[in-house]
Student: 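My structure is below; once you've seen it, I'll send some questions.
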Amino acid sequence: MNFGFTQEQEMLRDQVRRFMTEACPMSTVRELTAKDAPFSEKLWDQIASLGWLGLIVPEQYGGIGLKWIDLALVLEETARGLSPLPILSQALASAAVLRAGNDEQRANWLPALASGEVRATLALYDEPNWFDAQAVTLTGIPVDDGIELHGRKPFVADAMSSNQLLLAYLGPAGLGLAAIGKSQVKVTEEPSMDVTKPTGSIILDHVQVSADRLMPISPEDLAYLADCGAVAVTAEMVGAADTTLTMTSNYAKERIQFGKPIGQYQGVKHRLADMFVDVESFRSLLYYAAWCIDDAVGELPRAISLAKGYASDAFVRIGIDGVGLHGAIGFTAEYDVQLYLKRSKWSRPMYGDSDYHLDRVATLGGI
Amino acid sequence: MNFGFTQEQEMLRDQVRRFMTEACPMSTVRELTAKDAPFSEKLWDQIASLGWLGLIVPEQYGGIGLKWIDLALVLEETARGLSPLPILSQALASAAVLRAGNDEQRANWLPALASGEVRATLALYDEPNWFDAQAVTLTGIPVDDGIELHGRKPFVADAMSSNQLLLAYLGPAGLGLAAIGKSQVKVTEEPSMDVTKPTGSIILDHVQVSADRLMPISPEDLAYLADCGAVAVTAEMVGAADTTLTMTSNYAKERIQFGKPIGQYQGVKHRLADMFVDVESFRSLLYYAAWCIDDAVGELPRAISLAKGYASDAFVRIGIDGVGLHGAIGFTAEYDVQLYLKRSKWSRPMYGDSDYHLDRVATLGGI
Amino acid sequence: MDFEYTPEEQAFREEVRTFLAENLPRKAERGTDFLATWLAKVREKGWVGFSWPKEFGGSDGGLIEQTILREEMALAKAPPLGTSFMGLAWVGPGIMQYGTEAQKKKFIPDILDSKVTWCTGYSEPNHGSDLASIQCKAVREGDHYLVNGQKTWTTGAAFSQWIILLTRTSFDVEVKHNGITCLLVAMDSPGIDVRPIENMAGDRHFAEIFFTDVKVPVENRLGEEGDGWKVTVSALANERSSIGEVTQMFGKLDTLKALVKRTNRQGKPASKDPKVRRTLAVFEAKIAAMKYNGLRYLTKQIRGEPLTSETSVNKLHRASLEIEMDDFAVELTGQSGLQLKGGSDAVENGRWAKSSLNWPNVVIGGGTPNIQRNIIAERILGLPKD
Amino acid sequence: MDFEYTPEEQAFREEVRTFLAENLPRKAERGTDFLATWLAKVREKGWVGFSWPKEFGGSDGGLIEQTILREEMALAKAPPLGTSFMGLAWVGPGIMQYGTEAQKKKFIPDILDSKVTWCTGYSEPNHGSDLASIQCKAVREGDHYLVNGQKTWTTGAAFSQWIILLTRTSFDVEVKHNGITCLLVAMDSPGIDVRPIENMAGDRHFAEIFFTDVKVPVENRLGEEGDGWKVTVSALANERSSIGEVTQMFGKLDTLKALVKRTNRQGKPASKDPKVRRTLAVFEAKIAAMKYNGLRYLTKQIRGEPLTSETSVNKLHRASLEIEMDDFAVELTGQSGLQLKGGSDAVENGRWAKSSLNWPNVVIGGGTPNIQRNIIAERILGLPKD
């Protein structure tokens, strides 16, 4: 029994934090997001060479062969500065190929994903808030050696910066994932309140997909991948929420009002203490859920629903109060804390909000 | 448009407050409730002669002929000191006879109710949390000139001090109220967390009730009387909650901790401010609901559901925090604030908790 | 206690409704000159500055009539009665009470005629909630003051012609309130630099204003030198009935309900979810409480009884409701709710996403919720000051 | 990171389980001498004072084994390991660290053998959360101290044979911590008057204790004169793993779920109401968070890293959960939920109604939630003191 990180993991954490602080500070984030589709080839190549893109890819496929708990740590750290790099999407695409690909597909995709050469994303559900196999409505009809997809895929994370898209569809033989080259579809960037989380929608106009690019999945696979998605998003929430708390308590120490730092008033300091309680708590729940993916996958659904169910509401409250405790200045575009509020709102519905996850906790608990 | 009390009403309020402070202070409440069934003939006669028992009884029946808004004011003031006198039950019995009785029954009952000679209570539903005609399960079967009631009536407020019981039943011709003499039934006092609100259950062993003691009611009558009950309970909640706030803020001014009155810490003072916001708000909603009974009865369901829906949760929060802000001393039997916490918990389910009332607000609002 | 209106009050309500029916076309049908026509007409009716004394061009309107007028205007979602919100709310009443005859003549008619728009220069950087500690300096030099300093969080600075400005004219006094002087300053004076502040929703409601050697004629001082605090406090105390606000919030609740009715969550109608129903009902209970609280305070005012700080109760409700209602809509609609204007799946073209980031003044700035709680605790409950 | 247990740890868990299966009869089957037998057996196993050094009669048990032992005992709802909770938690460790050889010999074995029960004399009237400002006076007179004063909120005073008492031996010092001395006092000493305090649930867990010219031999002083604060702080810092608590709370959650499953509200099963389901899930999330927070802190302790004040996180969770879970059961069951023991319609014979009024120490007394928030804000986040 040991619920702590190893020295190697702490070194990885330090490495990520140092690199992100230096190479992708908030000024860089603002520069990148001021453009149409925020992405930096240079940063992408750097983090690829640091190995972060192949963390959970087995060594036989050119990855590092670590676990989700290590990935969670990297996502936590990269989210501290609201990095817009699609590390999360890349990891989910890798997880999907690992889970659903056959040997050939694994050998084909995983090395390219680990090296960053292929940039991929995963899109599962076609409804804004429904996490169930029924919410996969993109339909594939059989054609020679494959299927034809016709329709639309909304809510595709990092669609613009990806060159391969892994899209869930409902085919004649059941659910599947189709790996589609970006050039085959029309991608529209959708304006969203969190510019650091670019999202697109995809129009598929009679797109032919050959069999070697299809990976059949069961409803359980779909649920597993959604749970992995929730773990990844919640790991980012830990980092972003922790930074919101740090920014706000630093501000509360410095800002003087009526002759005292505002952090001396219990109205402010107790709210900050409650934020700490929340971050600390969903952090512990998240670490456990991330550990479950590799070591106790049967416990994953309950574990991640506890973590995301807690984090979804708590982070939004932290985001709102983080801005509120800054007073009027927190509300300005120039100040960074409002970007974290937006991230908290973005994170809430991703792979299930608290209503979804807490209801699932009740169901799994026999209620 | 005038949402204030008249001079006469303010005089009535002063009279009630003065009388209760002098004749029924907390020492008296504790004396009365230390006995088996808390009741005082002497106090009952005094308040009867002050006219409070006949407030809403028309003058032609020996009452004062005022309105529910006046009654609400009296209930608010008598509840400040947690008086255990069954003024609320007596008022609801009068309201029931006024609504459901024929001319003869009105002439028979109302003068005796207004004078306090008859002490009556009203019991509608037989389920602990179901406010619907289906929850009247006491059944009456027809016999010569009347019905026979056989069964049990739980949750009868002030059953022990009443000599007449108005019980809702389901008869062959529909719902009705039966006026039953106490000697005809077996009353059991039920131990409850709020000793200032004595409650009994009644066993009816083949009790014959003659037709002149039966008052048929429609489901609408039943709902109306339940709404009147909710108005009466909420009026008492306003008085009791306001007193909890006053006790707690007085304590916060006096109690010194770490060299300062605890009321100087925002952790305490802001909670007290929030209590004020709540009391002030459900007070306004309650006054409007009480006004509706006599002057806009069509708006009564929404008005009282807004008031009781708000008050039920808010008062319990005030009760819990009132005790909590007193620290360990608030938790002792000797200290009065804990009696208000118990009253808040008693008040919550009476004539509908917030789940019931807020859901009704949604329904009435077209959702 | 009586919620009925008198026949006269009912007749006035009918008059307002008739006017609205005849003079307020649907949004799509409004021409380019609609606003000018509207302003002229409501001015002619005497509804701009309705409560102001007749000698200043107002209508001596009573509190109940004011309430009716505001309620009907809000119900009809009509444009404002006059374009200078600050002029009507603070500047006009301030000049009527403290101004010279020349000032009254010069400024009041332009406010009523919507010719001049005013903004207010109260807040400064680093002194958000603490108005008494202002640093913007005015030094008397002969027949004018020379103003140097900075203001911030000024609403509408970009389109206002005049500003009511709090300046410090003395740094010597022990009590910091006593060295403050109120000046009326033309925004086109040389040395004024307005820099809009972009908020997190991308809007520019506020601005910073920099004053560098701005000359203000002494005749534009409102009240005596050093009386600025008194002038301002009396303006801030000029609390207004919140009935228009409440009507707007009921309107917003209706649009939320409509949104709930057409939204599915987890494949089921959101309107059947008890938690969603309960949330809507809690909003309704709080807005209704604001309404009846407001009517109780209005009755007190009509009776000439002093209001202490009860209006803070409604301000606290409103601060939390404004944030919660928008956020509820965003949460309700999941990933669609995050999309802004132009998004293919955006909800009502992103209006909720945008308004959830457009926090109103009541949440930020001078009236933050914790300050309101202090006011209630100290002034009403008598708890000791921090 | 690894949630698996080593084979040795697993074996220890099996040993505990086997012991429980063999030695813990069902409640109904327990005879009058059950407790004495139980205490002797767990003493024999070395599980009383499990973490204490072997030289003092403990087992030198490691942190993980302690956790396993507590978890299994809580799961089985077993009686405590030893009857003197305070003796095991504070007094024994205090004596081991600061006591004389004679004290160690006199007091430690009796604690382990459950022969002597201890209570603590820390709080005084008017000084609830502010331990340093105590007034209970001890004056040295030759070979004894003469104690006069009052303590309050003492748990178990009525059945304890000894008390660990904080007294003031000097009123002169500037820093108020320096004049405090710790005494070990027999409760049957002449001049001690114990008056139980009835709480709002009608129970008498606490008492006031009055000391009038109570003579305490100098040999019963723990540590030096004036060192009482140091001795106490070190005892209070002796934080224990909360895993037993968490297991109890999961057990309570299970009983709540069972209650929900057999309860109807508004004529429908409560278990289908999303709000009820969500409330249960929030409880579960908070208890699970306490569990994994606790394991993270435990890992830190095992590694010898300093804990700052993270345990306040779990204390805050527990304080709110204890009140919320009981209150939820009371609310859920409507009018039935209000009835106490013996009520015809009482829920589980009034257990929830009663426990909703029986607030635990973590809510009241020395560790009120606002104090915990201060600790987190000041010691972890570095915010300025009040």
Side-chain angles (χ1 to χ4, degrees), chain A residues 1-6 9 67 69-70 245-246 249-250 252-253 260-261 263-266 268-278 280-288 290-292 295-296 299 302-303 305-307 309-311 313 354-355 357-367, chain D residues 1-6 9 63-64 67-68 253-254 257-258 260-261 270-272 274 276-282 284-300 302-303 305 310 312-314 316-317 369-370 372-378 380-386:
Chain A
M1 224 303 305
N2 164 19
F3 197 3
F5 291 103
T6 61
Q9 286 169 324
K67 294 183 170 185
I69 185 69
D70 305 283
L245 171 58
T246 307
S249 47
N250 286 342
K253 288 173 206 170
K260 285 199 256 181
Q264 201 165 344
Y265 297 104
Q266 289 190 345
V268 174
K269 79 198 291 186
H270 287 184
R271 183 61 203 108
L272 290 166
D274 286 340
M275 287 184 187
F276 181 81
V277 169
D278 282 338
E280 192 74 354
S281 296
F282 69 75
R283 177 197 296 278
S284 294
L285 291 171
L286 179 272
Y287 289 163
Y288 180 68
W291 179 81
C292 285
D295 290 286
E299 291 178 42
R302 175 173 171 271
S305 279
L306 287 169
Y310 192 129
D313 288 348
S354 67
D355 283 337
H357 283 293
L358 293 174
D359 200 78
R360 190 162 76 148
V361 166
T363 304
L364 294 169
I367 296 295
Chain D
M1 184 156 312
D2 186 3
F3 287 90
E4 307 294 336
Y5 290 89
T6 64
E9 289 160 358
L63 280 166
I64 293 193
T67 303
I68 291 171
L253 180 64
D254 284 340
K257 284 181 179 176
V260 163
K261 283 193 204 170
S271 61
K272 306 232 159 154
V276 168
R277 298 166 62 79
R278 188 185 160 96
T279 303
L280 289 173
V282 168
E284 186 165 339
K286 287 189 183 166
I287 301 171
M290 286 177 69
K291 175 174 174 179
Y292 298 114
N293 287 339
L295 291 175
R296 280 175 56 217
Y297 304 148
L298 179 67
T299 303
K300 271 189 146 184
I302 291 171
R303 292 180 177 179
E305 292 169 27
E310 291 95 339
S312 290
V313 170
N314 278 0
L316 273 170
H317 275 311
N370 279 351
Q372 301 298 335
R373 290 193 179 92
N374 273 355
I375 290 174
I376 291 173
E378 292 166 10
I380 302 180
L381 302 176
L383 291 164
K385 291 208 165 212
D386 281 336

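No experiment lies behind these values; they were computed from the predicted model shown. Within every chain, numbering begins at 1; the chains are lettered A, B, ... in the order of the sequence lines, protein sequences first and strands thereafter.
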Student: At their closest point, which heavy atom of A/Ser281 faces which heavy atom of D/His317, and how far apart are they?
Tutor: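 For A/Ser281 versus D/His317, the nearest heavy atoms are OG-NE2, 2.7 Å.
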Student: What distance separates D/Asn293 CG from A/Tyr287 OH, expressed to the nearest 0.5 Å?
Tutor: 11.0 Å
Student: Using side-chain heavy atoms (C-beta onward) and a distance below 4.5 Å, is A/Glu280 in contact with D/Tyr297?
Tutor: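 Side-chain contact under 4.5 Å: yes.
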Student: Name the option with the most non-hydrogen atom pairs under 4.5 Å to chain D; the candidates are A/Asn250, A/Asp278, A/Leu364, A/Leu272.
Tutor: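 Of the candidates given, the most pairs with chain D belong to A/Leu272.
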Student: Minimum heavy-atom separation for D/Ala285 to A/Leu285, with atom names?
Tutor: O-CD1, 3.7 Å
Student: Would A/Gln266 and D/Asp386 satisfy side-chain hydrogen bond (donor to acceptor under 3.5 Å, both in side chains), going step by step from the backbone distance to the final call?
Tutor: CA-CA 8 Å; A/Gln266 289 190 345; D/Asp386 281 336; 2.9 Å; yes
Student: Heavy atoms only: give me the nearest D/Pro384-A/Lys253 pair and the separation to one decimal.
Tutor: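 Smallest interatomic distance, heavy atoms only, reads CD-CG, 4.5 Å.
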Student: How long is the span from the CD atom in D/Glu284 to the CZ atom in A/Arg302, to the nearest 0.5 Å?
Tutor: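 Taking CD in D/Glu284 and CZ in A/Arg302, the distance rounds to 4.5 Å.
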Student: To the nearest 0.5 Å, what is the distance between CZ (A/Arg360) and CZ (D/Arg277)?
Tutor: 12.5 Å
Student: Measure the CD1-NZ distance between D/Ile376 and A/Lys269 for me, rounded to the nearest 0.5 Å.
Tutor: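 Those atoms lie 12.0 Å apart.
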Student: Which heavy atom in A/Ser284 sits nearest to a heavy atom in D/Ala289, and how many Å separate them?
Tutor: CB-O, 4.4 Å
Student: Run through A/Trp291, A/Tyr310, A/Tyr288 and flag the one making a ring pair (Phe, Tyr, Trp, His ring centres under 6.0 Å) with D/Tyr292.
Tutor: A/Tyr288
Student: Show, in sequence, the C-alpha distance, side-chain angles and deciding distance for D/Lys261 and A/Ile367, and conclude whether the side chain to side chain contact (heavy atoms under 4.5 Å, CB included) test is met.
Tutor: CA-CA 7 Å; D/Lys261 283 193 204 170; A/Ile367 296 295; 3.8 Å; yes
Student: To the nearest 0.5 Å, what is the distance between CZ (A/Phe5) and OG1 (D/Thr299)?
Tutor: 10.5 Å
Student: Quick one: closest heavy-atom pair of D/Arg278 and A/Asp355, and the distance?
Tutor: NH1-OD1, 2.6 Å
Student: Side chain, backbone, both or neither: which part of D/Asn374 has a heavy atom under 4.5 Å from chain A?
Tutor: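 Both backbone and side chain of D/Asn374 come within 4.5 Å of chain A.
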Student: Can any side-chain N or O of D/Lys257 pair as donor or acceptor with the backbone N or O of A/Gly366 at less than 3.5 Å?
Tutor: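 No, the answer is negative, given that no donor and acceptor are paired below the 3.5 Å cut-off.
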Student: Of the non-hydrogen atoms in D/Leu381 and A/Ala273, which two are nearest, and what is the gap between them?
Tutor: CD1-N, 4.2 Å
